[in-house]
Amino acid sequence: MAAESWWKQPLRVIQTNLQVKDTPRMVPEKIAGDMLDMGANVLVMNVGGIYAWYPSLLEYHTVNPFLPKDSDLLADMIAACHKRGIRFIARFDFSKVSDRVYQRHPTWFHRQSDGTPEIIGATRPGEWDLLYSTCINGDYRNKAAVQILREALSSYDIDGVFFNAPHPTNCHCQRCREKYLRLYGVPMPEDTKAWAPDWRSRCMRDNIGILRQAIREVREDVPAILYYSIAADNLYDRLATCDMICAEPQDVLSLGWKEIPQSFKPALCIRLGCSEPELPRPFGIIHSCPGMDWRHTGLPPAEYLYWMSQVPANGGQIWHSITGFPDTISDKRILDCVSAINHQIARVEKVMHGARSNARVALLWDMNIGSQDKAFGGLLETPANGWAEAMLNSQLPFDMILPEQILRGRLEQYQVLIAPCGVEGEALQQAVRAFAEKGGCVVMQCWRTPDAGQTALMGVAEETQFSEFLQASYLRFEESCAMLQKGLERTPLLPHRGRTVYMTPGPDTKTLCTLVPPFAPMEAVGAPPERATIATPHTDIPLVLEHPLGAGRVITVPYALSNLESELKLNEHVLLMANMIRYGLGDALDIHTTPLRGIQLMDYRKGTTRVVHLVNGIGQRPLSQNLPVSIRLTLDWPEGKTPRVQSLLGEAPQASLQAGKLVIDTAPVTTWDVLTIETEE
């Protein structure tokens, strides 16, 4: 059997973002030794694009002016890494070039709508080159870059290629305008918001496809590594032009506390990348800094460790992005954290290599819904977020699934499908219907006007109407829905707000929860007598419906419950969402915990071994300290079998058999622990 390619094996990556003026301080043997001590088995280093970190002979490739004259720094660095068993990935950035290149080849560059180029760093202090943004459809990225790749790959023993900043700019150059007209038959709009939704992704696919082909022509064994953005990218456009993918879930604390990135951002980024399980596990690039404006200091260690732990716990591979190399990094906490998490991963990666998710819930992710926030591909206003957060905070294992994967039959391994944006398109609706008819449960959130296919799935009349924006209203539990009220038995009402889709249930569709209309206008909610009286305490207007479909069911939520959860963070909404999912899972849910907000649970299988990850993010973020907590797990366990439970990162857990259940009490989990559960021979 042929040996597995190096890049399909477990990897721990450190990327050193280098400054050219630090070049004289670089000692390859020292840097490679530091990487090994910090637990890395891959180094990513600048090689070409903005600057050449080797003596390039290409006239448009600006050579780092601080390179040593008496040695080849790049060759020495690669040799030092390989001597220690560390792979070397070359980082290329073709997004910007020195102004000297612009003067000679102005047609290679980005143009704003008024025809002017985009200049980066014009006000930056210090003696630096001015950098000009290149056009993704221009000859620099599509011809000059090919020559740079050929030169570097034919001259050096490079193990992999990583494209930094590969995404297109909002370019209005003549070449982009002509390509747009050719593709879409209309002139390129001046307003970038009016551009065709697939324009940027298509341009990137075209460009990276050319670069990847150039790599293969020189070195077939060298993988190409490419970003994907959970909020903006078509995953399959990225997979079409690379061998490995990576997400960049930055923890941008410099945005301020009110815009702090969601606690579950790394988890979702990695889970989307894992949605094609036959591919190499995706990288999660974690920056050490609290924002690119503060690159030279580190994240608070408690926050940093929590953020990094989510990458391996959710099935990804860690990729550390640090500013400089160890001798230039003044905040030594960064080095401590990187070393700590790498050595933990090294203890876990063997059991995780080849492990598969054991989740029975699939969260449908529609990349055409939602918008980016200020935190580099953030997740605000994405309807799936609230459902993801509710499941994570309820310790309900789930996978993310794309429409294309549903059409390929991937739903068969799941019991529950959550569709936060409904189910659009005849083919997808047929696949979802077949899933329900075979016994699956679909939880469908309907916050837009449904088509006839969706109303048929939901079991409601085709005619629907939108309410006004409701405030001071409630959701009422009906007597027939005790399973949704679990944990909320002593309260019949939950807060409700927002536009609601008024629906008429069909004859076999049950109404589980109903709307209590606003009891007062907002300006009067605090004044008597309305504050003590609900004018209409009960209606037949559905807020949760259940439609039997074959051997399964469709549960419909006709309003944006996920947005309400994201906005208010009320545990009542989390419980309601979790109860819907547990109801749909039934006996398929065989692992339980006492819900703890801030604890993530991920469940995997590898052969007969069950692998459970626990990540502790309890506390107000950004975390200033990690708060250890013991966690109780209860699993269904076959009679007559003796369990063996181990912790790979912490102290030994306590395990006992109680009435057909395996009960595990962990030692206090500070940030991350991994349990293996197997049957003793």
Go through the steps for M400 and I230 under the test side chain to side chain contact (heavy atoms under 4.5 Å, CB included), then give the verdict.
CA-CA 11 Å; M400 294 171 69; I230 189 172; 4.1 Å; yes

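- Taking CG of L576 as the start and CG of L570 as the end, the distance is 11.5 Å to the nearest 0.5 Å.
- When side chains are defined from C-beta on, M204 does not count as touching R200, because their heavy atoms never get closer than 4.5 Å.
- Remark: T500 engages H496 in a side-chain hydrogen bond (donor to acceptor under 3.5 Å, both in side chains) (not counting sequence neighbours).
- Looking at W257, its side chain does come within 3.5 Å of a backbone N or O of R621 through a donor-acceptor pair.
- Minimum heavy-atom separation, L235 to S275: CD2-OG, 3.8 Å.
- Taking every heavy atom of both residues into account, L484 and F477 meet most closely at O-CE2, 3.6 Å.
- Distance alone, capped at 3.5 Å, places no donor-acceptor pair between the R238 side chain and the C246 backbone.
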In a table with atom names and distances, give each donor-acceptor pair under 3.5 Å that connects a side chain of residues 304-319 to protein atoms at least two apart or in another chain.
{"from": "Y306", "atom 1": "OH", "to": "S263", "atom 2": "O", "distance (Å)": "3.2"}
{"from": "W307", "atom 1": "NE1", "to": "P249", "atom 2": "O", "distance (Å)": "2.7"}
{"from": "S309", "atom 1": "OG", "to": "L305", "atom 2": "O", "distance (Å)": "2.7"}
{"from": "Q310", "atom 1": "OE1", "to": "A267", "atom 2": "N", "distance (Å)": "3.3"}
{"from": "Q310", "atom 1": "OE1", "to": "Q600", "atom 2": "NE2", "distance (Å)": "3.0"}
{"from": "Q310", "atom 1": "NE2", "to": "S263", "atom 2": "O", "distance (Å)": "2.9"}
{"from": "N314", "atom 1": "OD1", "to": "R271", "atom 2": "NE", "distance (Å)": "2.6"}
{"from": "N314", "atom 1": "OD1", "to": "R271", "atom 2": "NH2", "distance (Å)": "2.9"}
{"from": "N314", "atom 1": "ND2", "to": "Q310", "atom 2": "O", "distance (Å)": "2.7"}
{"from": "Q317", "atom 1": "OE1", "to": "L11", "atom 2": "N", "distance (Å)": "2.8"}
{"from": "Q317", "atom 1": "NE2", "to": "R281", "atom 2": "O", "distance (Å)": "3.1"}
{"from": "W319", "atom 1": "NE1", "to": "Q15", "atom 2": "OE1", "distance (Å)": "2.8"}

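- Taking 4.5 Å as the limit, some side-chain heavy atom of L417 sits within range of a side-chain heavy atom of I401.
- From H592, atom NE2 reaches atom CG of D636 across 6.0 Å, with rounding to the nearest 0.5 Å.
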Identify every side-chain donor-acceptor pair in residues 429-438 under 3.5 Å, counting partners at least two apart or on other chains, and give the distances.
{"from": "Q429", "atom 1": "NE2", "to": "V423", "atom 2": "O", "distance (Å)": "2.9"}
{"from": "Q429", "atom 1": "NE2", "to": "D451", "atom 2": "OD1", "distance (Å)": "3.1"}
{"from": "Q429", "atom 1": "NE2", "to": "D451", "atom 2": "OD2", "distance (Å)": "3.3"}
{"from": "Q430", "atom 1": "NE2", "to": "E426", "atom 2": "OE2", "distance (Å)": "3.3"}

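- No side-chain heavy atom of L549 sits less than 4.5 Å from a side-chain heavy atom of V442.
- Listed for the Q625 side chain is no donor-acceptor partner under 3.5 Å among the backbone atoms of A302.
- Contact of the R360 side chain with the V416 side chain is not registered, since no non-hydrogen atoms from C-beta on lie closer than 4.5 Å.
- Interatomic distance, CE of M577 versus CD of Q445, reported as 6.5 Å (0.5 Å rounding).
- At least one donor-acceptor pair under 3.5 Å links the side chain of R476 to the backbone N or O of P537.
- Between the side chain of Q454 and the main chain of G422, no donor-acceptor pair closer than 3.5 Å is present.
- Contact annotation: the side chain of D540 never approaches that of T511 to less than 4.5 Å [non-hydrogen atoms, C-beta and beyond].
- Using modelled atom types, one side-chain atom of T509 and one backbone atom of G459 make a donor-acceptor pair closer than 3.5 Å.
- Between Q395 and T594, the closest heavy-atom pair is OE1-O, 3.8 Å.
- V629 approaches T666 most closely through the heavy-atom pair O-OG1, 4.3 Å.
- Counting heavy atoms from C-beta on, the side chains of L633 and L601 come closer than 4.5 Å.
- Among all heavy-atom pairs drawn from P383 and W447, the shortest one is CG-CZ2, 3.4 Å.
- The existence of a salt bridge linking K510 and E478 is excluded, since no basic side-chain nitrogen approaches an acidic carboxylate oxygen closer than 4.0 Å.
- Side chain to side chain, T504 and E463 fail the donor-acceptor criterion of an N or O pair below 3.5 Å.
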Given T449 and F466, is the side chain to side chain contact (heavy atoms under 4.5 Å, CB included) satisfied, shown in steps?
CA-CA 8 Å; T449 302; F466 273 105; 3.1 Å; yes

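- The side-chain hydrogen bond (donor to acceptor under 3.5 Å, both in side chains) search around D293 returns S254, not counting sequence neighbours.
- The heavy-atom pair separating C446 from V501 by the smallest distance is O-CG2, 3.6 Å.
- Using a 4.5 Å heavy-atom threshold, the side chains of V544 and C481 count as separate.
- E546 contributes no side-chain N or O that, together with a main-chain N or O of I555, makes up a donor-acceptor pair within less than 3.5 Å.
- Not counting sequence neighbours, the partners of C274 by the side-chain contact (heavy atoms from CB on, under 4.5 Å) test are I270, P282.
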Working for side chain to side chain contact (heavy atoms under 4.5 Å, CB included), residues L564 and R497
CA-CA 7 Å; L564 203 57; R497 180 191 292 170; 3.8 Å; yes

Check the pair D198, D237 against side chain to side chain contact (heavy atoms under 4.5 Å, CB included), reporting the backbone distance first and the verdict last.
CA-CA 10 Å; D198 67 338; D237 277 354; 5.7 Å; no

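- A donor-acceptor contact shorter than 3.5 Å is absent between the side chain of E248 and the backbone of Y227.
- Without hydrogens or angle criteria, E572 side chain to L488 main chain gives no donor-acceptor distance under 3.5 Å.
- Remark: L614 CG to T670 OG1 distance equals 12.0 Å, nearest 0.5 Å.
- T464 contributes no side-chain N or O that, together with a main-chain N or O of Y502, makes up a donor-acceptor pair within less than 3.5 Å.
- Residue E468 qualifies as enclosed at atom CD: its count of foreign heavy atoms under 6.0 Å is above 12.
- The closest side-chain heavy-atom distance from R205 to Y236 is not below 4.5 Å.
- Aromatic ring centroids of W195 and H172 lie under 6.0 Å apart.
- Around atom CG of D191, more than 12 heavy atoms belonging to other residues, nucleotides or ligands sit under 6.0 Å away.
- With rounding to the nearest 0.5 Å, the separation of CG in L596 from CZ in R632 is 12.5 Å.
- Pairs of residues two or more places apart, or lying in two chains, never qualify as side-chain hydrogen bond (donor to acceptor under 3.5 Å, both in side chains) while including a residue from residues 484-494.
- Within the model, atoms NE2 of H573 and CG of L475 stand 7.5 Å from one another, a figure rounded to the nearest 0.5 Å.
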